[in-house]
Amino acid sequence: MSLLEKLNPEQLAAVTLPHASALILAGAGSGKTRVLTTRIAWLLATGQASPLSILGVTFTNKAAREMLTRLAALTPINLRGMWLGTFHGLCNRMLRMHHRDAGLPQLFQILDTQDQLALIKRMYRAHAIDDERYPPRELQWFIAGAKEEGRRPNAVEAGDDFTRRQVEHYALYEAMCQREGVVDFAELLLRCYELLTTHHGIRDHYRRRFSHLLVDEFQDTNALQYRWLRELAGPNSAMFAVGDDDQSIYAFRGANVANMQHFERDFARPDLPVRLIKLEQNYRSHGHILDAANALIKNNTTRLGKNLWTSEGHGELVRAFAAPSDLDEAAFIVDVVKGLVGEGLALDQVALLYRSNAQSRVFEHALFNAALPYRVYGGMRFFERAEIKHALAYLRLLAEPSDDGAFLRVVNFPPRGIGARTLEQLQDAARTQGTSLWQAACAGNAKGKAGTSLAAFVRLIEAAREATRSSPLSETVAHVIEASGLLAHYRQEKDGAERVENLEELVNAAQSFVREADLAVDAPIRVTDASGAMDGAAEPAANDGATEDVANEGATDPLTAFLAHAALEAGDTQAAEGRPALQLMTIHSAKGLEFHTVFITGLEEGLFPHENSFNDLEGIEEERRLMYVAVTRARRRLYLSLAKSRMLHGQVRYGISSRFVDEIPSGLVQWLSARDRRGAIDVDRAEWGSGAWAKPPSGVVGAPRATPPAPTWRIGQSVRHAKFGVGVIIDAEGRGSDARVQVNFRDAGVKWLALDYARLEAA
DNA sequence: AAATGTGGAATTTTT
DNA sequence: TTCCACATTT
């Protein structure tokens, strides 16, 4: 079968395992996604499964999308009706369908972390809770932790007064969420888990349906996710779990590697032991890089045990550089990158990794001055931006007026003269009458307050709802951002242009959301079997449970589906730029990616491994796994760098080299001196044809210089502008096509100029 | 309601 | 140092 061609023996064994649960230990770069998708394609091709009987679970939407794309290329079978998504997405879908049994309103809204914190603060105010003694963030963490252990307030053990109070706050929080019809991320999972444990009819329905469960990144599952999976796995289901204990780097947010150890015990059946397969052949990196990774990770004590190997050559040695200061470290990297660019390496094949986000500053500064294009990952995502959250809040009010969080967010934004005292009165009224703010506002209106600005707000929302009643989603969005005054507000704000663009982008996002949902859907598919055992409830196979609307993550109307989408998929950090750029990111966000060349920076004790992990062995071992992830991102070339001194919290700190550098055998490492900063030494000429190296170095066929001969601008430099004359650069911000400099012109005064448009010359 | 000041903290992050 | 949240001022 052509599906199975080119699989190595272990991959082949994994893909064609018989119907039993299996744990696939898939090392970095061992073809994990390939095995997962080929397994599904093979199950479909051999008729062992239909798309309806498969449940595929990932952690990120990106991973789910990638699996679906690759799967579609492997099989001619129509994949509609297959459940493939994130834990949260799948739970959302199930809860929408069984909202009644789950005790939720059909249009329940999903709180992201920001919304959740805002709700907690609101609760603190309503109940006069001391936010000094019980910081809101701590409660947020406490609640998430409890839910991830599957504990409701009554199940949390409270040994001390402080914890007892936190539990009380947790209970208040729950009551508030329930009243407002909102669920946080952890709640999606817990509610769904409880739905399955308390409604055996529903549970058995899904158990019968999903004969094959496949889970990606199994080492990242938390306790609740693990229990959810166990609940869904019926007596005849096969669980296919893929993961790598050596790449477990999310313990701090509840991931529990021990789930891998328990797997064999928990998923074995008397007659069917769990199959264990190790994928150790690496298709990504050259030998020296893998040797370094293997040697490093050997220092960890709790491992299932794995050793990566490659049939490719050894490749280059790992290069290391100890810079006198953080500035020199940045300068070193800039020099090396310039050399690589000169050799024709595409810049987006180079990654600059660091332990914590704050470290990017120095690099950004140096790269900006060197006019090297770069892209920083992390930071504000699209759906998290304030203007987008505002627009979404208006939309939420249209969908569900009793959403107090949404109400408060926009009732006076843009400012419309609804002050704090009005709102306090309103909140009092709502509290005493036990209604939502919206209802209280409407009631106030009825009492002859039609002239107030609050009444105007109510009319605004009602008019918008009326005007968009039968509009397509994107028109609803367009109408709302206009009618709410958001667009006008940002248009007149001096730095509002980007926000206006984002709001316009939201309309596009709505449009493509609808388009993609349409593509993914035919008619709703009936899946409930004839026995109709949707729980023993009196309801005749309730219409909210019997059909699965494959679109819109199970929601019934496009607006609610879009709002769920916005909460569950926060979107990209920033739009990708046109030209290739150096990739800057934390090691955590590099997981799953690969690059021709990787720089691992800041290799100093205290930074990496981070000092907060010094206390216990587990902490250090997680840091070491992080280092392992970093090393295994590199295909061909790996640089390690450290700074003997660096500016930290406003003070110079002198560091010593990270233990992780020492744990790499010295025979694999070539230390560089400041002299050979150019780093273009020992280039393996065999590499020139291999894709990553776009063109030969001589620039014969117009080698794409990632940096077109753009001049380098520095603060303090004198420049000339065609219209404004001569001046001095006094500040700079942004990067790539957003890069701007502030120039103090002799005659024209101080101005901000976009480098892409203002044709500045050195003067 | 915007502007300015002050104090405190400063891993990692997806959903 | 730099960023943020929050408080106070204007």
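Chain letters run A, B, ... following the sequence lines, proteins first and then strands; every chain starts at 1. All values below come from the heavy atoms of this structure, side chains included, with hydrogens, waters and symmetry mates left out.
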Nearest-Å distance, CE (A:M380) to P (B:dT14)? 13 Å
Length of the CZ-P vector between A:R381 and B:dT13, whole Å: 10 Å
Once you round it to whole Å, what is the distance between P of B:dT14 and CD of A:E569? 12 Å
What is the nucleic acid contact for A:F252, judged by heavy atoms within less than 4.0 Å: base, sugar-phosphate only, or nothing? base
Can you tell me the distance, in whole Å, between the CD atom of A:E493 and the P atom of B:dA2? 8 Å
Atom CD of A:Q247 and atom C1' of B:dT14: how far apart are they, to the nearest Å? 17 Å
Under-4.0 Å side-chain N/O to phosphate OP1/OP2 contact, A:N92 with B:dT15: no
Any side-chain N or O of A:K121 less than 4.0 Å from the OP1 or OP2 oxygen of C:dC6? yes
When we call it a touch if two heavy atoms are under 4.0 Å apart, what does A:N222 touch: a base, just sugar-phosphate, or nothing? nothing
By nearest-heavy-atom nucleotide on DNA chain B, the more 5' of A:S356 and A:A567 is A:S356
Is any NZ, NE, NH1 or NH2 atom of the basic residue among A:R625 and A:E622 found under 4.0 Å from an Asp or Glu carboxylate oxygen of the other? yes
Can you find a side chain N or O atom of A:R361 that sits less than 4.0 Å from OP1 or OP2 on C:dT2? yes
Syn or anti conformation of B:dT11, syn meaning chi within 90° of 0: syn
Less than 4.0 angstrom between a side-chain N/O of A:R253 and OP1 or OP2 of B:dT11, yes or no? no
Looking at B:dT15, does its base get a donor-acceptor pair with the side chain of A:T113 below 3.5 Å? yes
Both A:F87 and A:E622 contact DNA chain B. Which one's nearest nucleotide lies toward the 5' end? A:E622
Residue A:E623, side-chain atoms from C-beta onward, closest of B:dT13, B:dT11, B:dT15: B:dT11
Check the geometry between A:F185 and B:dT14 and answer yes if their rings are stacked (centres below 5.5 Å, planes below 30°), otherwise no. no
Is the phosphate of B:dT13 approached by A:T586 (side-chain N or O, under 4.0 Å from OP1 or OP2)? yes
Do any N or O atoms from the side chain of A:T86 and from the backbone of A:T60 form a donor-acceptor pair under 3.5 angstrom? no
Spacing of A:Q359 atom CD relative to C:dT1 atom C1', expressed in whole Å: 15 Å
Should the pair A:H390 and A:F413 be assigned to parallel (<30°), tilted (30 to 60°) or perpendicular (>60°) ring geometry? parallel
Has A:H588 got its ring stacked on the base of B:dT12, with centres under 5.5 Å and planes less than 30° apart? no
Per A:P415 side chain, nearest of listed nucleotides B:dA2, B:dT15, B:dT13: B:dA2
Please indicate whether A:Q651 has more than 12 foreign heavy atoms, meaning atoms of other residues, nucleotides or ligands, lying under 6.0 Å from its CD. no
Could you tell me whether A:R646 sits above the aromatic face of A:Y654, with NZ or CZ closer than 6.0 angstrom to the six-membered ring centre and within 45 degrees of the axis? no
Provide, to the nearest angstrom, the distance between the CE atom belonging to A:M627 and the P atom belonging to B:dT11. 20 Å
Interatomic distance, A:R191 CZ vs B:dT15 C1' [rounded to whole Å]: 17 Å
Whole-Å C1' distance, C:dC3 and B:dT14: 24 Å
Closer than 4.0 Å, any side-chain N/O of A:N357 to the OP1 or OP2 of B:dT13? yes
For a ring pair (Phe, Tyr, Trp, His ring centres under 6.0 Å) check, start with the C-alpha distance between A:Y354 and A:H588, then their side-chain angles and the critical distance, and finish with the verdict. CA-CA 9 Å; A:Y354 34 80; A:H588 281 91; over 10 Å; no
Counting side-chain heavy atoms from C-beta on, which of B:dT12, B:dT15, B:dT11 comes nearest to A:N61? B:dT15
Show the numbers, then the answer: is there a side-chain contact (heavy atoms from CB on, under 4.5 Å) between A:H88 and A:R93? CA-CA 9 Å; A:H88 295 84; A:R93 189 165 173 175; over 6 Å; no
Listed nucleotide nearest any side-chain atom of A:T86, set B:dT15, B:dT11, B:dT13: B:dT15
P atoms of C:dA5 and B:dT12, separation to the nearest Å: 15 Å
Partner lookup for C:dT1, please. Criteria are Watson-Crick or G-U wobble with both distances under 3.5 angstrom; report none if nothing qualifies. B:dA10
